[in-house]
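Counting starts at 1 for both ligands and their atoms, following the listed order. We're numbering straight along the sequence, starting at 1.
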Amino acid sequence: MHPAAAAWFGRRTSAAADWPVERVARLRAEAGTRVSVVIPARDEAASVGAVVERIRRDLALDHDVVAEVVVMDSLSTDDTAAVARAAGAGVHSVADVRPDLGVHGGKGEALWKSQFVTRGDVCVFVDADLTEWGTHFVTGLLGPLLADPDVRLVKGFYDRVLDDGGRSSTQGGRVTELVARPLLASRWPQLGAVVQPLAGEWAIRRAHFERLPVPTGYGVEFATLVDTVAAAGLDAVAQVDLGSRAHRHQNVHDLGAMALEILTVADRRSFGEREVVPGTIAQFDRAAPGRWRERVVPVDERPPAVSVAGYAPC
Ligand SMILES: O=c1ccn([C@@H]2O[C@H](COP(=O)(O)OP(=O)(O)O[C@H]3O[C@H](CO)[C@@H](O)[C@H](O)[C@H]3O)[C@@H](O)[C@H]2O)c(=O)[nH]1
Ligand SMILES: O=C(O)[C@H](O)COP(=O)(O)O
């Protein structure tokens, strides 16, 4: 491992057990920090309700940690919005937030638009499709940010549980292991000790996030990590061991498209805009007309929120 990565791991890695809820609640109150939990969701009616309910119960009602739980509905075609609202979340459709700015599908778009409808000084992002998790994800992510003003971004890490046809293993995180971490190893070796660069659970200071460009799709995590280090150095990033995590898996063709999104984000940052080609990937499928499907892969990036006219946290 690169010596800078190894040293960073020693300095900036903690575990959820280091951040019990009482400690986090006290640190938050002392600093007067407002915390928004933001849950991006596209067609997650089956799981979003439980995620919202547990976070509200443990961290907004039982303990004074979280000021608001907001679900960003990403063009869902199912009952995601109604389920999330019934569970107590504030719900916003990406189509209704600053419609003058247009709308994209994609996870990054949901996170970017959340900046226009939330009021936290810190945002904690949590995926809506979690099946094995706990509210220690949120407190664990908050701890390093609340304890150290130099930390701007906290990434979660965990064992990635893969439900492989009824057989459970920890071989999940296929894009993480086959694309994201190899990219870091080759181009940003100082980030080689980030265990889960694509973790959907992360916390960030608004004052920092609003100054970053945001890819509209799945490149948002990779971009935020690399851009944070470019802007503020390695020690602006911390990571927290959250135990284990399971979620709904995508098929390999969907993950292939995700991989191309992440490669595009990496290329843009390594080689500049000139090298970025419109993203499409052809995937062989016997059932498709002509046996090939051409997938369009989002490569757009939103500008920093602070550069958008009329931007102001609620
Ligand atoms: O267009 C979309 C697609 C996804 N999501 C939501 O984003 C979250 C993560 O999406 P998912 O499709 O479950 O992604 P994963 O296959 O789990 O991808 C992993 O890797 C991605 C790439 O870095 C990260 O963005 C994810 O958070 C991380 O879990 C879920 O709540 C989705 O509902 C949206 O809001 N809009
Ligand atoms: O984070 C990843 O690498 C992708 O979400 C794929 O995860 P999975 O292999 O656990 O489905």
**Message:** Looking only at side-chain N and O atoms, does Asp159 offer a donor or acceptor that is under 3.5 Å from a partner on Thr170?
**Reply:** no
**Request:** Show which atoms of ligand 2 fall inside a sub-4.0 Å distance from at least one heavy-atom site of Thr176.
**Result:** 1 (O), 2 (C), 3 (O)
**Request:** Could you see which bit of Arg160 sits under 4.0 Å from ligand 2, with heavy atoms only: side chain, backbone, both or neither?
**Result:** side chain
**Message:** Regarding Gln196 and Tyr158, do their side chains bring together a donor and an acceptor under 3.5 Å, going by distance alone?
**Reply:** no
**Message:** Could you check whether Glu53 pairs with Arg57 (Lys NZ or Arg NE/NH1/NH2 to Asp/Glu carboxylate O, under 4.0 Å)?
**Reply:** no
**Message:** Regarding Asp227 and Arg269, does a basic nitrogen lie under 4.0 Å from an acidic carboxylate oxygen?
**Reply:** yes
**Prompt:** Looking only at distance, does Leu255 have an N or O less than 3.5 Å from an N or O of ligand 1?
**Reply:** no
**Asked** Relative to the heavy atoms of Asp127, which atoms of ligand 1 are at a distance of less than 4.0 Å?
**Response** 8 (C), 9 (C), 26 (C), 27 (O), 28 (C), 29 (O), 31 (O)
**Message:** Test of understanding: given a 4.0 Å heavy-atom threshold, classify the contact between Glu177 and ligand 2 as side chain, backbone, both, or neither.
**Reply:** neither
**Complete:** For Gly200, the atoms of ligand 1 under 4.0 Å from one of its heavy atoms are 27 (O)
**Message:** Given Lys107, which partner from the list Pro298, Ser74, Pro215, Pro40 fulfils the side-chain contact (heavy atoms from CB on, under 4.5 Å) test?
**Reply:** Pro40
**Message:** Could you tell me, atom by atom, which parts of ligand 1 come under 4.0 Å of a heavy atom of His247?
**Reply:** 15 (P), 16 (O), 17 (O)
**Request:** Scan Val240, Asp18, Val24, Leu242 and name whichever one has a side-chain contact (heavy atoms from CB on, under 4.5 Å) with Thr139.
**Result:** Val24
**Residue Gly172 vicinity, atoms of ligand 2 by number, heavy atom under 4.0 Å** = 9 (O), 10 (O)
**Asked** What protein heavy atom sits nearest atom 9 (O) of ligand 2, and how far away is it?
**Response** Arg174 NE, 2.6 Å
**Prompt:** Taking heavy atoms and a distance under 4.0 Å, where does Lys107 meet ligand 1: side chain, backbone, both or neither?
**Reply:** both
**Request:** Report yes or no: does Arg248 have a heavy atom closer than 4.0 Å to ligand 1?
**Result:** yes
**Asked** Is the shortest distance from a Lys or Arg side-chain nitrogen in Arg11 or Asp148 to a carboxylate oxygen in the other one below 4.0 Å?
**Response** no
**Request:** Indicate yes or no: does an N/O atom of Gly173 lie under 3.5 Å from an N/O atom of ligand 2?
**Result:** yes
**Prompt:** Any salt bridge between Arg34 and Asp121, counting N to O under 4.0 Å?
**Reply:** yes
**Message:** For the residue pair Arg54 and Trp133, would you count it as a cation-pi contact if the rule is NZ or CZ under 6.0 angstrom from the ring centre and within 45 degrees of the ring axis?
**Reply:** yes
**Numbered atoms and elements of ligand 1 in range of Arg245, under 4.0 angstrom, heavy atoms** = 29 (O)
**Item:** For Ala41, the ligand 1 atoms whose distance to one of its heavy atoms is below 4.0 Å
**Value:** 33 (O), 35 (O)
**Item:** Proximal atoms of ligand 1 relative to Asp129 (non-hydrogen, under 4.0 Å)
**Value:** 13 (O)
**Request:** Would you check the N or O atoms of Ile262, main chain and side chain alike, for any that come under 3.5 Å of an N or O of ligand 1?
**Result:** no
**Message:** With the threshold set at under 4.0 angstrom, would you say Arg174 reaches ligand 1 through any of its heavy atoms?
**Reply:** no
**Prompt:** Is the closest side-chain donor-acceptor distance between Arg152 and Thr228 under 3.5 Å?
**Reply:** no
**Request:** Before accepting this row, confirm whether a basic side-chain N of the pair Asp254/Arg295 lies closer than 4.0 Å to the acidic partner's carboxylate O.
**Result:** yes
**Message:** Is there a polar contact between ligand 1 and Gly106, counting only N or O atoms under 3.5 Å apart?
**Reply:** yes
**Enumerated ligand 2 atoms positioned under 4.0 Å from heavy atoms of His249** = 8 (P), 10 (O), 11 (O)
**Request:** Could you name the option among Ser47, Ser74, Gly217, Pro40 that has the heavy atom nearest to atom 31 (O) of ligand 1?
**Result:** Pro40
**Prompt:** Excluding sequence neighbours, so at least two apart, what forms salt bridge (charged side-chain N to carboxylate O under 4.0 Å, His left out) with Arg245?
**Reply:** Asp127, Glu201
**Message:** Just to be sure I read this right, does ligand 1 sit under 4.0 Å from the backbone of Met258, its side chain, both, or neither, counting only heavy atoms?
**Reply:** side chain
**Fill in**
In terms of its nearest heavy atom to atom 33 (O) of ligand 1, the top option of His249, Glu44, Gln196 is Glu44
**Asked** Under 3.5 Å, is there a donor-acceptor pair between the Glu68 and Ser36 side chains?
**Response** yes
**Message:** At less than 4.0 angstrom from any non-hydrogen atom of Gln250, what atoms of ligand 1 do you find?
**Reply:** 11 (P), 12 (O), 14 (O), 15 (P), 16 (O)
**Message:** Tell me whether Gln250 has any N or O atom under 3.5 angstrom from an N or O of ligand 2.
**Reply:** no
**Prompt:** Any heavy atom of His247 sitting closer than 4.0 Å to ligand 2?
**Reply:** yes
**Prompt:** Of all residues at least two apart in sequence or in a different chain, which pass the ring-ring contact (aromatic ring centres under 6.0 Å, His included) check with Phe125?
**Reply:** Trp202, Phe209
**Item:** Val175 N/O to ligand 2 N/O under 3.5 Å
**Value:** yes
**Item:** Closest to atom 3 (C) of ligand 1 among Trp202, Phe222, Tyr218 (heavy-atom distance)
**Value:** Tyr218
**Message:** Hydrogens and angles aside, do Trp19 and Ser14 bring a side-chain donor and acceptor to less than 3.5 Å of each other?
**Reply:** yes
**Asked** Looking only at protein heavy atoms, which one is nearest to atom 25 (O) of ligand 1, and how far off is it?
**Response** Glu221 OE1, 2.6 Å
**Message:** One pair to check against salt bridge (charged side-chain N to carboxylate O under 4.0 Å, His left out): Arg160 and Glu177. What are the steps and the verdict?
**Reply:** CA-CA 11 Å; Arg160 297 288 302 266; Glu177 299 301 336; over 6 Å; no
